[in-house]
Structures are given as structure tokens and as C-alpha cells.
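See structure below.
Just so it is clear, the model here is predicted, and its values are computed rather than measured. For the single chain, residues carry numbers from 1 onward in sequence order.
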Amino acid sequence: MNNNIKKVKNVLLIILFANVFVAVLKIVIGSIAKSASLTADGFHSLSDGASNIVGLVGIWFASKPVDEDHPYGHGKFETLAGLFIGGMLTIVGVNVITKAFQKFNNPVTPNITLEGIIALFITLLVNIFVSKVEYREGKKLSSQILISDSLHTKSDVYVSIGVIITLIGIKLGLPPIIDPIASLVVGGFIFHAAYEIFVDTSGVLVDKAVINPEKIKNIALEFEEVKDAHKIRSRGAEDEIYIDLHIMVDAYMSVEDSHTLATNIENRVKEELGENSQVILHLEPYYEVR
């Protein structure tokens with residue numbers, strides 16, 4: 001397991017314990033207060049902990065070395081883990097929305113306590129800390145699973161703010177119907193988080209272009225031996241980009257010089273786009289028009 005994978009694993013373990021703490025606290029207080037929105041928010045947070053476990057499993061598979069059946073490595077297992085998290089969120093969202101509509105038919109006035117609101121503020125601060133740390137580490141380590149999971153956790157921040165406002169509103173005399181309405185808002189945030197994860201992970205799985213071809217072309221044209229560059233393609237994830245392109249060089253350039261040029265272009269791409277970038281070049285002869 002390389003050093004980056006170990007760091008991602010350690011971050012996920014820390015975030016897992018934080019999410020479980022937040023989830024249990026919200027569910028217990030929500031049950032005592034008979035608050036559908038707070039309980040729903042707690043189960044949303046619990047799904048964060050489950051997503052951390054899925055992430056750990058995905059990272060374990062992704063860390064496996066290249067083998068005969070996987071010549072490009074196992075990196076997409078991390079992407080698959082993110083896709084699975086999106087599916088989990090969708091199921092949780094459906095569950096929350098269903099329970100909200102049940103509450104519309106049988107509204108219950110939550111028992112709001114000062115302790116409950118204080119606990120919510122504590123979990124809100126934990127979620128803010130978790131999302132910021134996870135996103136920062138995800139960018140630092142170029143980890144798709146950490147970035148996706150941080151966006152998921154960030155939705156909890158807005159959800160918790162909505163729940164706090166709802167509970168205070170009921171305390172001030174607003175009707176109980178505001179509680180299932182808040183649950184619908186919670187469900188909306190969950191679906192939005194799931195959508196972001198689906199968009200992010202599906203782009204990798206269907207080989208969506210990750211780099212503007214003009215940027216790659218400009219790098220190749222930095223070398224005076226390159227007369228033109230075309231048929232430029234890219235795919236992969238932010239931490240592992242695969243690029244292939246055709247370059248046109250002098251028709252009489254030696255094989256040795258062509259190889260040196262290709263190596264220099266590849267190294268320049270790695271400097272610009274990341275050390276894990278992989279480049280395949282196809283050389284074509286260029287003839288001066290006389």
C-alpha cells in the first residue's frame with residue numbers, strides 16, 4: 001500500500017468515528033424529542049459513517065498492484081465505491097421523503113429542549129470540521145473518495161442549520177407541520193449530494209475527457225521539433241490521467257531522437273498535470289511544403 005493510500009485510509013477512519021458520534025447523538029435526541037427532521041438528519045449522518053466504510057473497502061481494492069487481469073491497476077475501485085455511496089444516499093433520501101409524507105398525515109409536536117438545540121450546534125460544528133478537513137485532505141492527496149465524501153458531509157452542515165431553524169421555529173410557536181416540511185428539505189439535500197457523486201464518478205467510469213485538448217497541444221508545441229499535434233484524448237481521474245495524442249515531426253528524424261522527444265514531452269506533461277499522468281504518443285512524418 002503506497003503512502004497516499006495509507007493517508008486516505010487514516011483520514012477515512014477518523015471521519016468514520018466522527019460521523020458515528022454525530023449520528024448517534026442526533027438519532028437519540030430526535031427520538032426523545034419526537035422530531036422527524038432531527039431523526040432523519042441523524043440517519044443521514046449515519047449514512048456518512050456507512051459511506052466511510054464503503055470508502056475503506058474501495059481504497060483496499062484500489063491499493064492492489066497491477067496484475068495480469070488489471071494492467072491499468074485497480075484505481076477505479078475507488079470510483080466504484082463513490083458510485084455505491086451515491087446509491088446508498090438515494091435509498092436514504094427515498095426513506096426520508098416517505099417518512100416525511102407519513103408525518104403530514106400524523107403530525108407530532110416535537111418536544112424541544114435547550115439540551116437538544118445545544119447538541120445540534122455541537123454536531124454542526126463537528127460536521128463543519130469534518131467536511132473541511134476531508135475536502136482539504138482529498139485535494140492534497142488527489143483522492144476522489146475523500147472529495148466526494150466531503151461534499152456529502154458538507155450537505156449535513158446545511159441540513160443541520162435547517163433543522164436548528166425548524167426546532168427554534170416550533171419553540172416560538174410555529175405549527176408542527178413545519179417538521180415534516182423540514183424533513184422534505186433534508187431529503188432534497190440528500191438527493192443533491194447523491195447527484196453530485198453520480199456526476200463525479202460516472203465521468204470517470206465512462207471515460208469523460210478530463211483535460212482540454214488545447215492545453216495538451218500547447219505543451220507539445222513547446223518543443224520546436226513538434227510541427228503539429230492532433231487526435232488528442234484524455235480520460236481518468238484527477239490523480240491518474242491517461243493521455244494519448246498524435247504529433248507530427250520531421251520525416252527524417254532518427255528513432256533515437258524521436259524517442260528522446262517523446263520522453264521529454266511526457267515529462268513535461270507530468271510536470272504540468274501531475275506525476276501520475278501517463279502519455280502515449282503516436283509520431284507522424286511532417287513534410288515541408290515547398
Side-chain angles (χ1 to χ4, degrees), residues 2-23 25-26 41-42 44-60 62-63 75-90 92-93 120-164 186 188-205 208 210-211 236-241 273-276:
N2 64 44
N3 195 43
N4 263 21
I5 291 292
K6 286 182 179 179
K7 290 179 180 178
V8 171
K9 179 183 176 182
N10 291 336
V11 172
L12 283 171
L13 285 171
I14 294 171
I15 301 303
L16 171 61
F17 288 118
N19 282 330
V20 169
F21 166 75
V22 168
L25 190 60
K26 287 180 181 179
D41 192 19
H44 183 198
S45 296
L46 193 61
S47 75
D48 289 342
S51 72
N52 297 146
I53 295 174
V54 171
L56 287 168
V57 173
I59 286 295
W60 181 78
S63 66
K76 283 191 176 180
F77 278 99
E78 182 177 354
T79 307
L80 284 173
L83 188 64
F84 189 80
I85 290 171
M88 291 170 56
L89 275 176
T90 301
V92 172
L120 272 174
F121 273 109
I122 293 174
T123 59
L124 175 62
L125 292 175
V126 171
N127 278 334
I128 291 173
F129 173 77
V130 165
S131 64
K132 285 186 175 295
V133 169
E134 195 170 20
Y135 185 81
R136 185 191 68 212
E137 292 301 308
K139 284 293 186 181
K140 180 181 176 181
L141 301 173
S142 296
S143 171
Q144 187 179 29
I145 194 70
L146 288 183
I147 293 172
S148 297
D149 199 43
S150 72
L151 294 175
H152 175 201
T153 305
K154 189 176 182 179
S155 71
D156 283 353
V157 173
Y158 300 109
V159 170
S160 295
I161 291 174
V163 172
I164 290 172
V186 170
F189 275 105
I190 294 173
F191 283 129
H192 179 69
Y195 170 77
E196 287 189 313
I197 293 173
F198 278 129
V199 169
D200 187 39
T201 55
S202 63
V204 176
L205 294 175
K208 179 182 178 182
V210 292
I211 300 294
E238 185 177 332
D239 61 329
E240 192 170 23
I241 303 172
L273 303 179
E275 191 60 35
N276 289 331

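- Taking both residues in full, the closest heavy atoms of A194 and G86 are given as CB-O, 3.7 Å, listed atom of the first, atom of the second, then distance.
- The nearest pair of heavy atoms linking V54 to A81 is CG1-O, 3.6 Å.
- In terms of heavy-atom proximity, F191 sits nearest to T90 at CE2-O, 3.7 Å.
- Within the 4.5 Å cutoff, the side chain of L146 has heavy atoms near those of the L12 side chain.
- Applying the side chain to side chain donor-acceptor pair (under 3.5 Å) test to E196 and every residue at least two apart in sequence or in another chain returns nothing.
- You'll find the side chain of T79 stays beyond 4.5 Å of the side chain of L83, heavy atoms only.
- From L56, atom CG reaches atom CD1 of I145 across 9.0 Å, with rounding to the nearest 0.5 Å.
- Under the side chain to side chain donor-acceptor pair (under 3.5 Å) criterion, S131 pairs with no residue, sequence neighbours left out.
- Residues satisfying the side chain to side chain donor-acceptor pair (under 3.5 Å) test with E134, not counting sequence neighbours, are none.
- Between A18 and V130, the shortest heavy-atom contact is CB-CG2, 3.7 Å.
- Open room surrounds CZ on F84; 12 or fewer heavy atoms of other groups in view lie less than 6.0 Å from it.
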